[in-house]
Amino acid sequence: MTDTNTDLRPPETLRSAVWAQFRKHKGAMFGLVVLGLLVVFSVLGPLVWQPEKLSVAEALRSKNLPPSFAHPMGTDHLGRDQMQRMMLAGRVSLAVGFVAMVIAVVLGTLIGVLAGYFRRLDGALMRLTDMFLALPLIPLLLVMVMLFRDRVAGYIGPEMGAFLLIVSAIGITSWMQAARIVRGEVLALKEREYVLASRSIGATPKRVILRHILPNVISPVMVAATLCVAEAIITESVLSFLGLGFPPDFPTWGRLLFEGLDYMESYPARVIFPGLAISLTVLSVNYIGDGLRDALDPRIRGR
Amino acid sequence: MLDASPPPLVQVDGLKMYFPIYTGLLRRHTGNVKAVDGVSFAINAGETLGLVGESGCGKSTVGRAILRLYEPTAGRVVIDGSDVAHLPPEALRQKRPTMQMVFQDPQASLNPRMTLAGIISEPLDEHTDWTAERKIERVHELMDQVGLNRRFINRYPHEFSGGQRQRIGIARALALNPKFIVCDEPIAALDVSIQAQVVNLLEDLQDRLGLTYLFISHDLSMVRHLANRVAVMYLGRIAELSPSADLYARPLHPYAEALLSAVNEPDPVIAARRKRIILKGDVPSPANPPQGCNFCTRCPKVMDICRTVKPDLVEVEPGRMVACHLYTNPDVAGPTGASEAKERNQQGVTQ
């Protein structure tokens, strides 16, 4: 406490501090760049890369081609350009992955916080979580999709309907891990003295949760979220594979992967590219989550 | 001092805090941990009441129940005219600014993700609708009061030393101009050199702001230095409540006597002559306290009556309250040592 009467530092904004720390995290920056490239590839790619339509005869001749200049990722068993399909698939897969993750994390955090903070709700909410964990997921998803697909499709069209249905189906069947992790953290956090201090000030439970509990459960939530993205992309492909996801001609990375699986030995390019895309997405999301978690923790940020 | 003039700022009457025990498959309510079992005392405005006792005797629970961080099982806690133990939620919220708390562990009592400005202005966010500038101004003012450099305002708790963190905790407690502060072992987690600083700060603030403290501690010499009166607790009950000087000069209750004999004496000559009273055995379980006086299982001066009848806290000398049959039964001339050894059961085991 030496009084050197230097600058009364202008309050550094939280956002710039977080960004400064995030930039120091090499993995996170790598993840951000890769994810950005994937997003650009799938969102802007189809506008730029438009291979000409082929006649049936041409298509038959050009099926299962290896990568070349005309078709950088080769062609599939119907002679369609694989790169264009990868781009279109990327839109769906990334959207499904992130939207399902957001649903799962929001739902999981909400239920975890409620169960952990309010003792009265704990039993009921955790039994609900146990019940969801005990349900066999794939059959449940199948039943959900079967029951609601046509009805939802009737309202907003088959593709949007399928998207909404899949995303919500995946979202509401993968929040349980997040809920359990969060509940455990909250149970520990609410006994901390700063929460007690906040209560002694007269803060309402809502304020206590928003100000003290949520910021401190961010790390485990972040981990759960990154895992969730990968899981959602894979689950979507499983559903599509089973014929309950998107319509058959609608490409997603998972579906491309499954289609290529039969030809894996003869035409490895057909599985390598979708597999690579999924892996890169998961990896980059993981690193971004890692970097974000570090950047949000003032104890690490200081260093 | 105990004149009938102004009513005490804090009046605690028969405060009980039981924590239920649920056992078995059906989670049936099979008993209570009687953490605080009928505690009564009063604190006058501007006074410091020390609350001492060994670990687990219910000191901290008293502090928290008074501020209604726990829902007391029974009893009244009148602070500045209203019964805090029975206020409805919104009225309690309005009442919160008059009573604040300083916590034991300065590390745990500050949210690691908030800056110092955020931590100290949290009470202001809750209870005022000031503008951001006005809040910052008040935070600066508070930081000056507790001796923190204003430049630290945007730092996080992990960047401070233990003593500084405790100052932050004190500044937060002061933010709303409270009248009454419960200090729950505010110095227990600090270095000895820092302890003195914090205690001096507390005293200084008391002089300047006219604060009233309930100072909970197990550091007997600090309490002696700081408190006007001292309450000695044992197993959820007050054993003795006396003015500080009297208590330290001549403790009345056998437990207080034993406790105070453990205080280090700086003078080696006196220390050599001094006799330490070493109590045998452990504290009985608060889930199953003895039928009579809580201290009867370990008391060196135990009598027959102690095992059956709980002594009340009564005034035996002006200003001194003791809960012991030695002072309330004039016909009992002294310790009778009637039945000994085999009845020294621990943890409330029944004979």
Side-chain angles (χ1 to χ4, degrees), chain A residues 1-18 21 119-120 122-123 185 188-219 221-222 292-303, chain B residues 27 63-64 67-70 89-90 92-97 99-115 117-119 122-127 132 136 140 147-161 163-164 167 169 172-173 175-176 178 182 184:
Chain A
M1 279 176 57
T2 44
D3 257 311
T4 44
N5 269 335
T6 47
D7 57 330
L8 273 164
R9 267 197 306 174
E12 189 182 9
T13 62
L14 189 65
R15 197 173 303 168
S16 64
V18 168
Q21 171 65 30
R119 201 181 218 163
R120 214 168 284 172
D122 190 17
E185 281 291 303
L189 281 174
K190 76 169 177 181
E191 298 300 326
R192 297 295 295 267
E193 284 186 338
Y194 55 81
V195 174
L196 214 57
S198 189
R199 281 174 49 209
S200 82
I201 285 162
T204 54
K206 191 179 126 203
R207 290 285 196 92
V208 173
I209 287 173
L210 290 179
R211 198 180 290 147
H212 298 292
I213 305 274
L214 277 184
N216 283 294
V217 295
I218 265 200
S219 314
V221 166
M222 210 71 97
L292 213 53
R293 194 192 56 199
D294 285 1
L296 288 174
D297 190 334
R299 278 161 297 190
I300 293 172
R301 198 158 65 224
R303 274 186 254 140
Chain B
R27 304 273 107 201
R64 292 178 182 192
L67 295 190
R68 209 163 150 199
L69 294 176
Y70 297 143
E90 189 47 38
L92 179 67
R93 213 181 100 81
Q94 300 301 327
K95 186 79 188 166
R96 290 278 184 205
M99 47 188 199
Q100 286 292 315
M101 188 153 184
V102 175
F103 290 88
Q104 172 176 7
D105 185 351
Q107 165 88 54
S109 65
L110 307 175
N111 186 343
R113 286 177 190 268
M114 283 166 83
T115 59
I119 291 169
E122 187 183 353
L124 305 174
D125 293 339
E126 284 299 326
H127 288 281
I136 290 296
H140 277 146
L148 284 167
N149 194 319
R150 285 185 177 198
R151 284 189 299 134
F152 296 161
I153 193 158
N154 289 313
R155 295 203 184 167
Y156 288 90
H158 69 95
E159 296 172 273
F160 293 96
S161 71
Q164 288 173 323
R167 286 168 193 267
R172 170 175 61 189
L176 293 166
V182 174
D184 185 4

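For Gln94(B), no part sits under 4.5 Å from any heavy atom of chain A, backbone or side chain. Using a 4.5 Å cut-off between heavy atoms, Asp125(B) touches chain A through backbone and side chain atoms alike. Leu296(A) touches chain B through backbone and side chain together, each having a heavy atom under 4.5 Å away. Interface remark: Leu69(B) contributes backbone and side-chain atoms alike to the contact with chain A (heavy atom separation under 4.5 Å).
Note that CZ of Arg211(A) and CD1 of Ile119(B) are 11.5 Å apart. Values are rounded to the nearest 0.5 Å. Note that the NE2 atom of His158(B) and the CG atom of Asp297(A) stand 7.5 Å from one another [nearest 0.5 Å].
Among all heavy-atom pairs drawn from Ser109(B) and Tyr194(A), the shortest one is O-CB, 3.3 Å. For the pair Pro112(B) and Pro298(A), the tightest heavy-atom approach, listed with the atom from each and the gap, is O-CG, 3.0 Å. Considering all non-hydrogen atoms of both residues, Glu126(B) and Thr204(A) come closest at OE1-N, 4.3 Å. Counting all heavy atoms, side chain and backbone alike, His127(B) lies closest to Ile201(A) at NE2-O, 2.6 Å. Taking every heavy atom of both residues into account, Arg96(B) and Ser200(A) meet most closely at CD-O, 3.0 Å.
Contact of the Met101(B) side chain with the Leu196(A) side chain is not registered, since no non-hydrogen atoms from C-beta on lie closer than 4.5 Å. Glu193(A) is not listed as a side-chain neighbour of Gln107(B), based on a closest heavy-atom distance of 4.5 Å or more.
With hydrogens and angles ignored, the 3.5 Å screen pairs no side-chain donor or acceptor of Arg192(A) with any backbone N or O of Ala108(B).
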The test is side-chain contact (heavy atoms from CB on, under 4.5 Å); show your working for Arg207(A) and Glu122(B) and say whether it passes. CA-CA 10 Å; Arg207(A) 290 285 196 92; Glu122(B) 187 183 353; over 6 Å; no
